[in-house]
Each structure stands twice: as structure tokens, then as C-alpha cells.
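Here the structure is laid out as C-alpha cells; the discussion comes afterwards.
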Amino acid sequence: MKTSFSRREFLKGSLAASGLTIIATLTPEGVKLAKASEAKGEASTLKPTAYYEITPQGTVKVVVPSSEMGQGIHTTLAMIVADELEADWGKIQVIQAPAADPFKNVLLDSQLTVASAATRGWYVPLRKAGAAGRAMLIEAAAQEWKVPASECTAEKGAVRHAKSGRSLNYGELAPKAARLQVPQDPQLKKESEFKYIGKLMPRVDGPEKVNGKAIFGYDVDLPDIHYAILARPPAYGAKPDSFDEKAAIAVDGVVKVVPTPRGIAVCAKNFPAALKGRKALNVKWSAGSHPDMDSASIEKALVSGLEQPGANAITRGDPKKALAQAAKVLEATYYVPCVAHATMEPMNFTAHVQQDRCDIWGPTQGQTVAQMVAGQVAGLSPDKVQVHTTLLGCGLGRRAAPDFVVDAVIASKALGKPVKVVWTREEDIQHDLFRSAVAHKIKAGLDDQGRLIAWDHKVSCFSILKHMGRPIENGIDMYVLWGLHDAPQSPAKSRIAYGIPNFSVELVLSDLPVPVTPWRSVQNAPNAFATECFMDELAHLAGKDPLAFRLESLKDNPRARRVLETVAKSSDWGKPLPQGRGRGIAQHMCFGSYVAQVADVSVKDGKVTVNRVDVAVDCGPVVNPDALEAQIQGAVVLALSTTLKEEVKFAKGGVASANFGDYSVIRMSEVPEIRVHIVNSTDEMGGIGEPGVPPLAPAVTNAVFAATGKRLRRIPLAL
Amino acid sequence: MIFINVNGKDYQVDVPSDTPLLWVIRDRLKLMGTKYGCGIGECGTCTIHIDGKAQRSCTVEVGKVQGTKITTIEGLSENHPVKRAWIEEQVVQCGYCQPGVIMEVASLMAENPKADAEAIIRSMDDVICRCGTYPRIKKGIAKAVDIARKEVRK
Ligand code: FES
Ligand code: FES
């Protein structure tokens with residue numbers, strides 16, 4: 001097994017302390033627990049997946065691998081350790097782990113914060129690690145007092161012996177406990193004994209964020225740091241015909257002009273100088289590969305893709321035959337345009353390449369990939385690359401890609417100094433890797449009882465795999481089909497929830513050069529828009545209530561039924577509303593969690609106002625309920641933004657939208673009351689970051705139909 | 001040479017007078033709490049107070065604010081009702097927008113101490129929070145107004 005320099009150095013630094021350190025390692029046989037002294041000599045054979053350290057002062061330092069992008073994951077992971085450990089919450093300190101093998105997420109086999117997988121992946125290993133530490137601290141105290149361990153209890157960072165009234169705190173016990181053997185199968189707490197898990201806990205990063213002290217990628221500051229801003233092609237495939245390097249260098253503060261595969265970087269001593277230098281550079285670009293491409297031609301191309309033969313992803317039963325025999329048949333086409341991530345903190349990354357090492361700092365969701373590409377560009381092996389993850393000003397999936405890392409490393413290598421590549425908001429939108437636009441055609445059949453018996457679905461969109469440079473086998477890109485169908489090896493189960501006896505999905509991938517990548521919930525959201533709007537249309541064709549019609553096809557899916565029933569009850573589903581007002585319902589499962597939503601909307605003079613959104617969530621056991629509520633609220637707001645406003649406009653072979661002035665996003669007065677209902681569930685744990693997004697757009701669109709009788713099959717909604 | 005007063009301290013900076021105040025605050029004074037989000041006055045992440053009034057530091061030239069009193073998020077007391085309310089209501093997610101949002105709310109409350117939460121909320125359409133913390137921002141504003149009222153009564 002290979003020993004990485006960074007890991008060794010890291011372990012040496014962090015584990016040399018005289019306190020107690022517990023490392024949880026994942027092996028094919030399950031979780032293995034070890035202490036620091038066991039890790040030091042043979043770090044190479046240990047692959048700790050997470051660890052914490054109790055210092056002699058009693059501070060509990062929890063080293064977490066996942067990026068914090070607002071989802072509260074640092075708090076959630078700390079809650080898990082602290083609970084089993086019986087730590088005092090006030091003594092918890094959370095530290096972001098560097099990029100190194102040990103920190104790969106067990107569900108994803110890469111250090112990556114995506115797919116709503118963080119809590120699910122770390123829940124068991126961290127609980128065991130905490131419980132082992134608690135057992136050792138109790139044992140240490142029992143030995144000290146020469147009493148049976150069974151007479152001692154751990155609570156709030158101390159071990160007590162009730163009979164004698166003695167107590168020792170964790171800091172005092174840690175060095176002694178470190179000499180004991182680590183139990184491999186420590187007794188975990190019962191759910192009823194949880195003190196932090198499932199409780200409302202304050203975020204660990206709240207105070208620093210409220211006081212302006214939190215450090216994001218944009219805030220990275222180093223001695224002699226330089227700033228680079230790129231001149232980027234205005235159209236896909238455009239190349240620089242000419243540019244004025246001299247004029248750029250002549251700008252006060254500009255030091256160098258460095259070409260990169262994505263544009264021309266103007267490096268300067270400060271941000272305004274780099275911006276002025278870029279203007280002076282005055283690049284003239286060629287027309288690009290598709291100079292006539294615009295929003296209308298993209299939509300036309302994707303919609304006409306629906307008439308082409310597609311690659312078959314799944315066929316169950318015989319949909320063609322069932323459709324021919326169906327009592328009623330319905331067909332509809334839907335379209336969702338590209339949307340941008342527009343994370344609040346625009347893309348940026350800092351690099352410092354030196355002779356035999358490369359350090360990179362910034363907001364990334366994918367440390368493993370960042371480390372790899374930085375090493376390639378710097379000409380160093382990945383273990384010579386230190387990744388310093390900052391806080392992320394939103395992630396939304398955009399920061400798992402490594403494009404912004406590469407430019408920083410190139411610029412630093414050319415300059416021989418630390419360089420921060422900063423994107424302006426205009427670049428951030430125009431050079432985003434979008435959520436793919438998608439056209440859907442669905443044909444479905446009902447039997448003579450109005451039951452759903454056949455579903456034939458064609459999807460036409462861009463390929464995420466292609467953009468990642470990964471192979472597409474048999475014309476199928478599973479990422480873009482999530483929510484309809486998934487591959488057996490997919491890390492996230494995302495298939496249509498309904499039991500439809502005759503079912504098929506086909507995919508047509510477009511060749512147009514629009515770059516796409518996952519966007520919060522990947523394509524689950526635009527796919528659910530089509531399936532859940534169409535379910536509503538079918539319910540009306542069957543003459544049934546949209547809730548009852550859905551439940552009919554969910555006989556084998558109790559979790560989906562339960563969230564629908566819960567949300568129906570809490571939203572007064574079925575109760576009459578005044579003229580011009582309506583309710584719409586939708587459900588969707590992704591990343592292991594089931595979510596149903598009811599939107600209550602008013603339509604007046606062609607304007608849609610969402611009054612209230614009720615949400616029912618079943619994500620299995622809830623670790624951090626406050627973060628869950630916040631994530632669902634945020635997902636609803638973001639999804640509503642795409643339902644009412646967001647659309648990236650293309651023109652002249654490139655992106656026309658540029659900043660929040662012409663890329664409209666939702667504002668505070670448009671945000672409805674959002675009521676989150678958590679379903680009590682002991683089922684398998686799912687994610688919470690993304691599943692709140694998909695049901696919203698169809699719920700609102702179905703509500704608009706209920707209010708007006710108008711079927712809209714495209715977002716953003718236009719009446 | 002430009003002279004500015006930020007958070008009660010006098011600074012002397014050698015920058016062109018048309019430099020946006022945002023970059024002087026961040027990159028010269030190293031006060032990183034004030035954020036860049038759009039550079040055109042649309043998002044509010046760069047909001048600071050100039051003589052007590054909320055302004056977008058990305059669109060204010062540093063040469064024009066000599067002789068004023070500038071306050072950034074770091075200069076707003078940690079005990080300020082808005083900051084306390086933000087913790088009590090657990091408003092933040094990624095937190096990138098929040099310094100600007102907090103400065104905006106603090107200024108609206110100071111300008112009109114009698115305003116109720118609803119009135120302040122109605123004036124908040126020019127800030128963007130991409131994490132969608134708006135429901136909690138609303139609760140935070142209500143709480144901040146409440147805290148401030150109780151303080152006045154004391
Ligand atoms: S950065 Fe100033 S308003 Fe957006
Ligand atoms: S908290 Fe993330 S943008 Fe507002």
C-alpha cells in the first residue's frame with residue numbers, strides 16, 4: 001500500500017499529541033478502530049477514514065473530511081462523534097481534513113462532497129469511534145479509582161463514580177486512556193440515550209460566519225499573493241486572433257500574461273489591476289465552432305432530438321403493445337432550459353507551485369480530483385500536492401469540477417508565486433458548466449379502470465459524462481437519467497417511484513458544445529418536472545384526484561406513499577380554495593430520501609405567486625434536524641427560483657446572460673411560507689442536501705393548472 | 001494617497017482614486033468579511049455602512065469616501081441585535097451572503113428604529129442568498145427587532 005507524504009506528515013503532526021486519538025478505518029470486513037500510537041509506525045497500512053483527538057486540556061478536535069458549503073456537515077459529523085463519546089459540546093472543535101487517502105467517502109470512493117452522501121457514509125464509523133473512546137475513558141477512570149468499570153458513567157466530558165462521588169474530566173483521563181487497548185466492537189448507545197443526535201444543535205460555524213471571520217476561497221491571503229483574471233472566449237470553440245500583451249503589462253500592477261487552455265490569464269498585484277489589464281489586453285476572438293447557436297436553436301435541437309431513435313436504458317414489459325391496447329393514451333412534451341449554479345461565492349482557487357511541492361487553497365467539493373489535476377499540471381505526483389480546503393460559498397455541484405484549480409496552478413507555475421485565480425460574476429455565469437437543458441416526450445396508457453399500465457419515455461439532453469471526459473457506453477449516460485432509471489452500480493438510487501408494468505426509457509444525447517455538470521440533485525429535478533407534471537395530466541385523464549392516482553401506482557412503495565399522505569394532510573389537500581388559487585402535488589425520491597410537496601399558488605394577471613409550500617420528508621433516522629429543515633427550505637427556494645425565473649440565455653454561439661442583472665434569481669418577497677414535516681422513520685438513511693429540489697417545480701406547475709386550467713410544460717413558467 | 005476611516009481606524013492607502021472601495025477594504029486592509037458577489041450593485045454581499053447608511057462597496061469609488069466613517073461587518077459589535085438574532089435563529093448556511101445581509105438589516109433598523117419587522121423585510125429584495133436562507137432571514141429580522149426593542153426599554 002502506498003504511503004502518501006501528505007498523510008504521513010499529517011499523522012505525525014496531528015497524532016503526536018499526548019492526548020487520546022481514535023482513528024476509524026474502513027476495511028472490507030467493517031470498521032477497524034485504532035489509536036495514535038498504533039498509527040504512527042505504520043501509517044502506510046492504516047487507512048483511517050476519520051478521527052478525533054482529545055487533548056490533555058479536554059478539547060475534542062474532530063477532523064472531518066467533507067467540505068462545508070452551508071449544509072452544516074461539519075456540525076452534523078461533530079454531533080455524531082460527540083454523542084457517542086459523551087463529549088461536552090462546548091469543547092468540540094471541528095477541523096477540515098486535508099486531501100489524503102484516509103478521507104475518501106466510503107460511499108463514493110473519493111474525497112468528494114456530493115450526492116448527499118456525507119452523513120450516510122460517516123454515520124456508523126464515527127459512532128463506533130466515539131463509543132470506543134468513551135469505553136476507554138471509562139476504563140481509565142475505573143483503573144485509577146480501582147473500581148469496576150460498570151460502576152462508572154461518562155457524561156458531558158467527564159467520568160463519574162457515583163458511589164464515591166469522584167469524577168475526572170476527559171482531558172485528565174486522555175493520556176491514561178491512550179495506553180489502553182481500543183475495543184473493536186464498542187457498545188453503541190440506544191436511540192433513547194442520544195443527547196445531540198436528533199436534537200437541535202447550533203452550527204459550529206455560526207459565530208465566525210456572522211462576524212465576517214469565516215475564510216472562503218476568495219479570502220485566501222498569502223505573503224506576496226498575486227491575482228489572475230482570465231480573458232475567456234465569448235463563444236464555444238473561439239480562439240484568440242490577436243491580443244495586446246504590451247498594453248496589458250503597461251497597466252500599473254500587472255506583472256504577466258499567461259495563456260491557459262481556458263483563456264488568457266492576466267496576473268497582477270491586485271484585483272482591480274488584473275481587471276484593468278484584462279481590458280487592455282483587448283483580445284479579438286474568432287467566431288467559434290457554432291456561431292449561430294442561441295437559446296432558440298438549442299431548444300429546437302433538443303426537442304427535435306425526441307424524434308430521433310434513442311439508446312434504450314431500460315424496457316420492462318412491453319410498453320408498445322400495452323399502449324396499443326390501452327383504453328386511453330396521452331402524450332406530452334416538456335422542456336427545461338439550462339440553469340446556472342451562480343454560487344454566491346464565484347469560482348476561484350489559489351495555488352503556490354514550488355520546486356518539489358504544490359499547495360492549493362480553495363473551495364472544492366472534490367479534493368481527490370483537485371489534488372490529481374494539480375499534480376499533473378505542476379509536474380508532481382499527487383502526494384506532493386497539499387489541498388487546503390476553505391469554506392465554500394455554496395457548492396451546488398459546481399465545485400466538484402477541477403477546471404478552476406487547473407488555471408491557478410498554471411498561473412502560479414508561470415509566475416513562481418502564489419496566485420489566486422478569481423472569477424468575476426460574469427465569468428462565473430458565462431463559463432459555468434450548467435444544469436443540462438432537457439426535452440422530454442412521454443407517452444402513457446391507462447386501462448379501462450383508469451390505472452397506469454404503460455409509460456414510454458424519451459429524453460433529449462446534453463451529456464454530463466462527456467463533459468467529465470468519461471466514456472459513454474451504448475449511448476447511455478446514467479447521470480442524466482437519474483430520477484427515471486439508474487444503473488445497478490449507481491451510488492445513488494434514483495429511479496421512478498411508480499410501479500408501472502410496461503415501462504421504457506430512451507436517451508438521445510446532443511452534440512452541441514454546451515458544457516454541463518451536476519447541479520443540486522443532478523438531473524433529478526428537470527426529470528421530475530416532466531414525470532410529475534405528466535402524472536398530474538394522467539390523473540385528470542383518468543378522472544381521478546392527483547393524490548389518489550399516484551397512490552394507486554405506489555402499492556409497493558410505502559415510503560413514497562407515506563410522504564404523500566403526510567403532505568396531503570398538512571396542506572389541507574382537497575379543501576376548496578377561492579377562484580384563481582390552486583394546489584399542486586408532487587413527490588420524488590433521490591439519494592435515498594423521499595420527499596413530497598404541495599404548493600399553494602395564486603395566479604393573477606398572468607403572475608404566479610406561491611403562497612405556501614408544504615414538504616414531507618422521509619430520510620430515515622435524522623441526525624441533525626435543524627440542518628435538515630434548513631436544507632429543505634433552501635432547496636425549495638432554489639427550485640422555485642428555477643421554476644419562476646432562471647434561464648441561461650445563449651446567443652452567437654456563446655452565453656448571453658452575464659450577471660444578476662440579466663440572470664434573474666428569486667428575491668425575498670417571492671419566497672413563500674415553507675412548512676417542513678419530518679416523517680418519523682427507522683428506514684435506511686438517505687441524504688438531505690438535494691432531495692428537496694425535485695418535487696417543487698412540478699408541484700407549483702400543477703398548482704397553476706389547478707388555479708387556471710392551463711397546462712404549462714416548460715419552466716420558467718410563462719402564462 | 002487616499003485617507004479613509006474604517007471601523008474607527010484611520011488608514012492611508014496608495015491606490016487610484018477610482019478603485020472600488022470593496023477591493024481596498026478586502027485586499028489592502030485585509031478585512032475579508034465584506035464579500036464580492038457581482039460587482040454591479042445587484043447582490044448585496046459587499047454591503048457596508050458609510051456614515052451609518054448601507055452602501056454597496058463594489059460601486060463606491062474609494063476617492064469619494066474620504067472624510068466619512070466606514071463600518072464593515074468586523075466593525076459591527078458582536079453583541080449587535082442582528083448578530084445575536086442570527087445566531088439564535090440559526091440563519092446562516094454557507095454564510096457568504098450573510099455579512100452583507102446583516103449590514104443591510106442593521107442599517108435599516110438604525111435608520112428607522114420604529115419600523116416593524118414586516119417593513120424591514122419588504123426592503124430586502126435587493127440582497128441575494130443563493131442558499132435560500134430567506135425564511136430564516138425573515139425570522140432573524142423579527143428576532144433582531146425584538147431584541148433591539150427590549151434593549152431600548154431597559
Ligand atoms: S458585489 Fe456589490 S452588490 Fe454584489
Ligand atoms: S447563506 Fe449561502 S448565500 Fe446566503
Side-chain angles (χ1 to χ4, degrees), chain A residues 68-72 200 202-203 205-216 218-219 221 227 252 270-272 341-346 391-396 422 424-426 626-627 630-631 633-641 659-661 665-674, chain B residues 15-16 18-20 22-24 26-28 30-43 45 72-76 78 80 82-88 90-99 102-103 121-138:
Chain A
E68 176 60 66
M69 47 189 149
Q71 81 282 42
L200 294 178
R203 298 181 64 110
D205 54 1
E208 60 175 11
K209 285 180 173 176
V210 161
N211 288 310
K213 303 258 161 63
I215 299 296
F216 297 86
Y218 238 88
D219 309 329
D221 189 33
Y227 297 74
D252 193 21
N270 56 66
F271 186 107
H341 295 82
T343 55
M344 207 69 238
E345 176 192 13
L391 291 169
L392 282 61
C394 299
L396 304 180
V422 282
T424 61
R425 174 61 64 195
E426 288 80 2
D626 194 54
Q631 282 303 294
Q633 289 173 335
V636 165
V637 170
L638 186 70
L640 187 57
S641 190
N659 203 323
F660 290 124
V665 298
I666 199 166
R667 304 283 177 150
M668 194 131 98
S669 63
E670 296 159 301
V671 173
E673 181 192 355
I674 302 166
Chain B
V15 292
D18 65 349
T19 306
L22 170 64
W23 301 113
V24 177
R26 285 180 54 81
D27 298 338
R28 297 292 171 127
K30 306 287 184 193
L31 293 168
M32 296 292 189
T34 306
K35 305 298 183 196
Y36 165 80
C38 71
I40 58 166
E42 277 283 340
C43 76
T45 60
T72 70
I73 187 73
E74 292 91 345
L76 195 72
E78 294 199 0
H80 191 280
V82 181
K83 286 187 173 179
R84 275 157 59 196
W86 251 234
I87 295 289
E88 271 188 50
Q90 290 289 297
V91 174
V92 308
Q93 288 190 28
C94 83
Y96 193 81
C97 72
Q98 301 294 349
I102 289 168
M103 294 306 277
I121 288 167
R122 274 196 301 277
S123 312
M124 293 292 293
D125 258 11
D126 53 356
V127 303
I128 295 174
C129 171
R130 200 66 177 144
C131 292
T133 64
Y134 301 107
R136 298 226 181 152
I137 292 178
K138 289 182 191 171

Among A:Q631, A:E426, A:E345, A:E673, the residue with the most heavy-atom pairs under 4.5 Å to chain B is A:E345
Check whether any side-chain heavy atom of B:V15 lies under 4.5 Å from a side-chain heavy atom of B:W23, and answer yes or no. no
Most heavy-atom pairs under 4.5 Å with chain B, out of A:L396, A:D626, A:V422, belong to A:D626
Would you call A:M344 and B:C43 a side-chain contact if the rule is heavy atoms closer than 4.5 Å? yes
Can you check whether B:Y36 reaches A:D219 side chain to side chain, under 4.5 Å on heavy atoms? no
Of A:K213, A:R425, A:E208, the largest count of non-hydrogen pairs under 4.5 angstrom with chain B goes to A:R425
Under the salt bridge (Lys or Arg N to Asp or Glu O under 4.0 Å) rule, collect the residues that match up with B:R84, sequence neighbours excluded. B:E151
Got B:R130 and A:T343 here, is their nearest side-chain heavy-atom distance under 4.5 Å? no
Tell me the closest heavy-atom pair linking B:V92 and B:W86, and the distance in Å. CG1-CD1, 4.1 Å
Given that the side chain runs from C-beta out, which part of B:K35 has a heavy atom under 4.5 Å from chain A: side chain, backbone, both or neither? side chain
Any idea which of B:K30, B:H80, B:E42 has the most non-hydrogen atom pairs under 4.5 angstrom with chain A? B:E42
Does any non-hydrogen side-chain atom of A:V665 lie less than 4.5 Å from one of A:F660? yes
Given A:A630, A:G395, A:P272, A:P672, the one with more heavy-atom pairs under 4.5 angstrom with chain B than any other is A:A630
Minimum heavy-atom distance A:I666-A:S641, with the two atoms named: N-OG, 3.0 Å
With only heavy atoms counted, which part of B:R122 is less than 4.5 Å from chain A, the side chain, the backbone, both or neither? neither
Mark yes or no for whether B:E74, through its side chain, and B:G33, through its backbone, hold a donor-acceptor pair below 3.5 Å. yes
Atom group of A:N270 that falls short of 4.5 Å from chain B, counting heavy atoms: side chain
Most chain A-contacting option - heavy-atom pairs closer than 4.5 Å, from B:I73, B:V82, B:D125: B:D125
Heavy-atom pairs under 4.5 Å with chain B, option from A:A635, A:A627, A:P346, A:G206 with the top count: A:P346
Top residue by heavy-atom pair count (under 4.5 Å) with chain A, among B:T72, B:T133, B:V91, B:I40? B:I40
Report yes if some heavy atom in the side chain of A:V636 is under 4.5 Å from a heavy atom in the side chain of A:Q633; otherwise report no. no
Which portion of A:D221 sits near chain B, non-hydrogen atoms under 4.5 angstrom: side chain
Structural part of A:A214 lying under 4.5 Å from a heavy atom of chain B: backbone
Heavy-atom contact with chain A under 4.5 Å, split by part of B:L22: neither
Check whether A:L200 gets within reach of chain B through its side chain, its backbone, both or neither, counting any heavy atom under 4.5 Å. neither
For A:L391, is it the side chain, the backbone, both or neither that has a heavy atom under 4.5 Å from a heavy atom of chain B? neither
Using a cut-off of under 4.5 Å on heavy-atom pairs, state which of B:R26, B:R28, B:R136, B:E88 scores highest against chain A. B:R136
A:P207 side chain reached by B:I87 side chain, heavy atoms, under 4.5 Å: yes
What option among B:K138, B:M124, B:Q90, B:Q98 has the most heavy-atom pairs under 4.5 Å with chain A? B:Q90
Would you check if A:V637 and A:I674 make a side-chain contact, meaning some heavy-atom pair closer than 4.5 Å? yes
Which bit of B:T19 is near chain A, if near means a heavy-atom gap under 4.5 Å: side chain, backbone, both or neither? side chain
Part of B:V127 lying under 4.5 Å from any heavy atom of chain A: backbone
Atom group of B:I102 that falls short of 4.5 Å from chain A, counting heavy atoms: side chain
Is there a donor-acceptor pair closer than 3.5 Å between any side-chain N or O of B:K83 and the backbone N or O of A:N211? no
